[in-house]
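One structure is given below, encoded as structure tokens.
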Amino acid sequence: MGTASSLVAPGEVIEDGYGGEGGEACEIPVEVKPKARLLRSSFRRGPRAIGASFKSTGSVDLEYAAEYERLRKEYEIFRVSKNNEISSMQKKEAKLDEENKRLRAELQALQKTYQKILREKESALEAKYQAMERAATFEHDRDKVKRQFKIFRETKEKEIQDLLRAKRDLEAKLQQLQAQGIQVYDPNDSDSDDNQTTVTAAGTQCEYWTGGVLGSEPSMGSMMQLQQTFRGPEFAHSLIDVEGPFANVSRDDWDAAVASLLQVSPHVPQALWSNTVRCYLIYNQETKAELDIFIKKHCPVLRKMCEGLGHFYLNVYFPEESAASYSVERKQEIERSSVCVLLLKSTVTSSGVEDCEEAFVKNPDGHPLVLYLRTEEDQHLTGPTRHLLERINAADKAAKVKVVDHSGSAEDGADLIYAQLEKIIKQELLGLEAADTDSKDSGIEEGREEDSGDVLWDLHDEQEQIESYQQACSSTTSHLGFQKYIDRLNDMIAAPPPTPPLLVSGGPGSGKSLLLSKWIELQQKQSPNTLFLYHFVGRPLSTSSEPVLIIKRLTVKLLQHFWSISGLSMEPSKILEEFPRWLERLSARHQGNIIIIIDSIDQIQQAERHMKWLIDPLPVNVRVVVSVNVETCPQAWRLWPTLHLDPLSPREVRSVVIAECQSMDLKLNKDQEKKLERLCRSASTCNALYVTLLARMITSRSCWSLEKSMEQCLQCQDTMSLYRLALKMMLNSLNTDREQHIIREILCLVCASHNGVSESEVLDLFPDLELPALSSMLYRLNRLCIVTLHCGLIRFQHLQAWEAVRLEFLGGGSSSATYREKLIHYFSQQLSQDCVTWRVADELPWLLQQQEDRTKLQRSLLNLFVSQNLYKRGHFSELLAYWQYVGKDKSSMATEYFDALKHYEKSCESEDSMTKLANLYETLGRFLKDLGLPSQAVAPLQRSLEIRETALDPDHPSVARSLHQLAGVYVQWKKYGNAEQLYKQALEISENAYGAEHASVARELESLAMLYQKQNKYEQAEKLRKRSVKIRQKTARQKGHMYGFTLLRRRALQLEELTLGKDSADCAKTLNELGVLYYLQNNLDAAKLFLTRSLEMRQRVLGPDHPDCAQSLNNLAALHTERKEYETAEDMYERALDIRKKALSPDHPSLAYTLKHLAMLYKRRGKLDKAVPLYELSLEIREKSFGPKHPSVATALVNLAVIYCQLKKHSDALPLYERALKVYEDSLGRSHPRVGETLKNLAVLSYEEGDFEKAAELYKRAMEIKEAEPSLVCGNAPSRHSSSGDTFSLRTPAPLPHTLR
């Protein structure tokens, strides 16, 4: 138990545990031994001896403590080791769990793969069985065809033997003639189809010996009836001018129809050609839920769709509480809107009624209309709402308002509105075919590219020019005294050749652009045979001032009037070099004048160096008119004939000011008029722009009074200072500092941008800005001649306005970098979201170049979709200039692109992404080919081919496109064998995919023909070329241009509502026009329906012998002729001829028109005896109309001579040919193709008469004329009009997308 001293301290009281009294403890002397010994003793076995001492007990305890300490340490070591083992096991367990999960995932993937393989195996087996069934069917059909062929071969074998004997006889005769030195005409050179005009393909010898409108099967395969293409003074007598462009059914009227619609396009609402789809929404509080859902859920989708097709999308709506203060802006927005949507429930606000009156009642045909009516069971329409619906219903006579009657939730209602709007935008506004509405954007773009072949065309550049011209034409210039300048322009253009370019000079703002636009408009009406090519140059550094793009656009437009635009180089230096050659060659083909107008040519960068062709002599029928600023005109151009615009006279100044005052219901007193008259006496204050701006500032409803406005304006002595005052006036008229800041920012952004900014971009950049406020600001700025909308972009109206903003807000341009950075940030955000639109490609690289940020510029160019967008829109030179600025040569640029494509390819997995990858590889290959790097172009084109064959199908049309591009590289590389093989593969794929008469097949045939010509295989090339030409003609007549068909459809829709009234002559005329329109769209059933209704109505209203009835009969006869219903057609032609003989003068063009077509029908049916008097009468009419020495008379002589030859009346035909030859030589020159055609016919006639020597001499001269003609890409392109009023089917340009957009 231990010693007492170890338990009780000295002096402590020890209590008795059993209740005894305690006592004081006594200190007992005890010897204490070491504890270790005590411990050891305590562990001794056996009973302790009686009488043991305190010494042995203490030693045991010490030994126990030491042993305890040792065991404790061992335990700690053991515990730590075991804990480590436990943690290690836990880690192993977690690792095994992860491994187990991975293995389970792999097992599931393998199970899915197994199921997929199993399904593929089943589908493969099913496909195998189907293939076996098809093979069995094929075997059966093949056996059937074999039997039929055997029967055919046996029945035709005798005929073949007879033909072979006849061939041998002819060959023997041919050898005898050749031995005598006589060349015999090849009948394959003739095209005897009716209504055909042969046009050769790119880069080939022109073929002039073509079949004409009168058409004939020539004697001995050589006598040709001529198509009249000369257009001179007789144009006023043509049938299309007498009866209108849609009066007569003729497949050759295609271009006249489209051209006529383009002429009236200023009268068509802007919604049909503007680049912005503006959706005007009319709503109130009851339908605000639908509006909010529509804007939040569906508007981003519509915007993405429109921007993908190259257009802008904008919602326009005015809140109910502030609509009353924007009355002017609302009216303007309704006029500019593309589609109007009315969201209605039971009530309507006063502003809503006003908007509905403007959009739905006053002008229901101005744009598509949608009426969303939300109905409920217990709903009752209020009186104003019911009255409004009645008025809308009464105005909607043609039932064109699309009504959406909905009784469900607001979200469902928004979905219905979206569905209706999407359909309207695609089909009515953008002009997409119904089949295209479900296609992807890439498919639409692919179709557009196919339409223009290898030539890259930017629809936005073309649309910008069209809008610039149309806005200038819509301006009022009657007060500017332009008539004297127009007369002088006419005199200078009519001067005998050769004439140098005509210079129109004047100070800034003198009205040069307005003058040229008005003059073009008048000339197009007075001289329809004249081809006008115009270009309006914008401010410096903009796209419209890029010289290569200007010349390329003019070249393409020139070539489009002559069938083909293939073969045009895309290399910038070659474009500038080749333009004068194209102009010379094609001017020789055009039977009228070609006038080229370039406005503000001095704004073009390095104009003298890039416009050297202006100094060279121009072709005799080409005139060039350029306008320049008198201060910046190059010295070398000052020697040209010049028309200088003088300052406005006091009378003209007064007229302009009074006109502006009257438009604003304002009248100036005598003192104010005198002050203005005194101000506008110097050269800087009496130009058209200064006076117009001055008048608008005085009449503007700003915060300044009239007196203060005049006082401030009188201190401005030039246009620049007046513009700066206008900016201050604009800022002072705004209510808040925030509005002033925003409008200043907008103007600075427009000034710093490349081509301007759009309204949707402004709203994105300023999220707190609402559209009504923006619309009001833009209206005021437009009123003050500061900005305008061009191609959907906010731009400055005049160069002086841009300069004024730069000086007033940008410190002379020193602050431009800040605003460029804002735009760079905005477009970079779009780029990071994989949203590469044409706006991003246009603006971002240019802005980075202006900021001199080469690193970011290179990074943006290596975004493959940016470069693809620039290249595919034809901005080849711009893309090349960016790379040159970065400091990369062609080879290093190609390496950068190839590496970027390899990196992008790693992220492509889906079929859609692989298709995009193939397009990118193809674009890179074409780009490198145009750069003259065929060795580096092969690899990306081959990769594009591999991807398309793998991802799509080896027989997919896109594979043919890759083969075509790759073959083009081999041609450039002069590896003709490889190119021929690839072209043939592409041809086979195109024929299998599209049929034998598709434009893609024609393109491959043309390429093969050019390849054979390079190898001197002229016979093979000629055969392919003729086949290609026939396909081009047929597709051009049957399909037509997409934009042309869009115009025709719109015109037809506008006319249908006019046919719903009572019987009248106007209604019958409209029905006739509808029939012609549907005929031009190849809808023959609808055409027959409307033409028959027109004939019946005219017979009821006008009588059966009226000339209009003859017109309907003539059109129905033409339609029956196309359907090969010749008996019905002949009867109608004869009835029409009888009516016109009685009602019209003997020399009327309509009579000649019917005579011609009836004669053609007689000849086609073999009734030559009946055709002869008609041809003779047609000759008499032409002699009376045009005189005996006119080329059209010579054409009639040749046509009559052909008939005589077919009747074997050679003696009657000879004097006609000789007379026609003399007329052609006197009027057209001895080297004209018509002279060669007539000589060739005379040679054949002499040969048939036995005069071989004369025949050889005439034929030799004819061949000399043919060989002397230049080789054109476009070949034998006819003139746009014929003397008889027929118009050939020429390929017209497509200024809008949608325009493809």
Side-chain angles (χ1 to χ4, degrees), residues 202-203 445-446 449-450 452-458 548 552 555-556 564-578 861-862 864 866-884 888-902 917-948 958-983 985-986 1000 1003-1004 1006-1008 1010-1011 1013-1014 1273:
E445 291 175 1
E446 193 171 302
E449 182 182 345
E450 185 70 30
S452 58
D454 292 332
V455 174
L456 304 168
W457 179 259
D458 189 3
V548 177
K552 192 201 79 172
T555 306
V556 173
S564 177
I565 57 176
S566 58
L568 177 64
S569 172
M570 297 304 298
E571 220 240 314
S573 59
K574 289 185 178 180
I575 287 176
L576 296 173
E577 290 175 5
E578 292 176 358
L861 293 175
L862 286 177
L864 302 167
V866 171
S867 297
Q868 184 187 48
N869 192 293
L870 284 172
Y871 176 75
K872 285 203 166 188
R873 288 170 40 235
H875 291 224
F876 182 95
S877 58
E878 189 177 342
L879 183 57
L880 199 58
Y882 290 143
W883 278 109
Q884 290 172 349
K888 299 286 185 180
D889 59 7
K890 296 179 181 179
S891 299
S892 58
M893 177 191 66
T895 305
E896 294 274 0
Y897 271 132
F898 208 74
D899 292 343
L901 269 173
K902 286 292 185 184
L917 178 65
N919 292 336
L920 290 171
Y921 270 116
E922 181 187 332
T923 302
L924 177 59
R926 293 177 65 178
F927 183 43
L928 296 177
K929 183 183 75 171
D930 290 340
L931 282 174
L933 301 173
S935 58
Q936 297 188 46
V938 170
L941 288 175
Q942 284 181 336
R943 183 62 185 141
S944 172
L945 177 61
E946 293 170 4
I947 294 171
R948 284 172 173 164
S958 296
V959 176
R961 206 170 74 217
S962 292
L963 291 168
H964 176 89
Q965 297 298 337
L966 191 57
V969 175
Y970 283 123
V971 171
Q972 192 173 348
W973 222 348
K974 299 189 183 301
K975 293 186 176 183
Y976 298 137
N978 296 344
E980 180 179 357
Q981 182 180 2
L982 294 174
Y983 276 138
Q985 291 179 21
S1000 300
R1003 185 178 70 161
E1004 304 303 335
E1006 289 171 0
S1007 302
L1008 265 175
M1010 291 178 63
L1011 180 63
Q1013 185 169 346
K1014 290 178 182 292
V1273 164

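Worth saying up front: this structure is predicted, and the values here are computed from it rather than measured.
Closest of all the heavy-atom pairs between A979 and L1011 is C-CD2, 4.0 Å. The shortest non-hydrogen separation linking H964 to A986 is N-CB, 4.3 Å. Q972 and G932 make their closest contact through NE2-CA, 3.7 Å (heavy atoms, listed as atom of the first residue, atom of the second, distance). Contact between A937 and G925 at its shortest, heavy atoms only, is CB-O, 3.3 Å.
Put simply, CG on D889 and OG1 on T895 are 8.5 Å apart, with the number rounded to the nearest 0.5 Å. Expressed to the nearest 0.5 Å, how far CG of L966 lies from CD of Q981 amounts to 10.5 Å. Of the inter-residue distances, the one linking H875 atom NE2 with S867 atom OG reads 13.5 Å to the nearest 0.5 angstrom. Interatomic distance, L879 CG to W883 CH2, rounded to the nearest 0.5 Å: 8.0 Å. Separation of atoms CG (D899) and CG (L862) is listed at 9.0 Å; rounding is to 0.5 Å. Note: T923 OG1 to Q868 CD = 4.0 Å, rounded to the nearest 0.5 Å.
Distance alone, capped at 3.5 Å, is enough to place a donor-acceptor pair between the K890 side chain and the L931 backbone.
By the 4.5 Å heavy-atom criterion applied to side chains, E578 and T555 are not counted as neighbours. Taking 4.5 Å as the limit, every side-chain heavy atom of V969 sits out of range of all side-chain heavy atoms of Q942. Within the 4.5 Å cutoff, the side chain of F876 has no heavy atoms near those of the I575 side chain. The shortest distance between side-chain heavy atoms of L924 and L920 does not fall below 4.5 Å. The side-chain heavy atoms of Y983 and L963, taken from C-beta on, include no pair separated by under 4.5 Å. Counting heavy atoms from C-beta outward, Y897 and Y921 have side chains that stay 4.5 Å or more apart. Residues Y871 and R873 have side chains not in contact (no heavy-atom distance under 4.5 Å, counting atoms from C-beta outward). For the pair M893 and F927, the minimum side-chain heavy-atom distance is below 4.5 Å.
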- Task: Under the side chain to side chain contact (heavy atoms under 4.5 Å, CB included) rule, what do Q965 and K929 come out as? Steps first, then yes or no, please.
- Result: CA-CA 9 Å; Q965 297 298 337; K929 183 183 75 171; 3.5 Å; yes

- Item | Test side chain to side chain contact (heavy atoms under 4.5 Å, CB included) applied to L880 and Q884, step by step | CA-CA 6 Å; L880 199 58; Q884 290 172 349; 4.0 Å; yes

- So L941 and E922, side chain to side chain contact (heavy atoms under 4.5 Å, CB included) or not? Walk me through it. CA-CA 5 Å; L941 288 175; E922 181 187 332; 4.2 Å; yes

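Residues E1006 and R1003 are not paired through a salt bridge, judged by the lack of any N-O separation under 4.0 Å between the basic side chain and the carboxylate.
For the residue pair R948/S962, the side-chain donor-acceptor check at 3.5 Å is satisfied. Y882 and E878 are linked by a side-chain donor-acceptor pair at a separation below 3.5 angstrom, with hydrogens and angles left out of the test.
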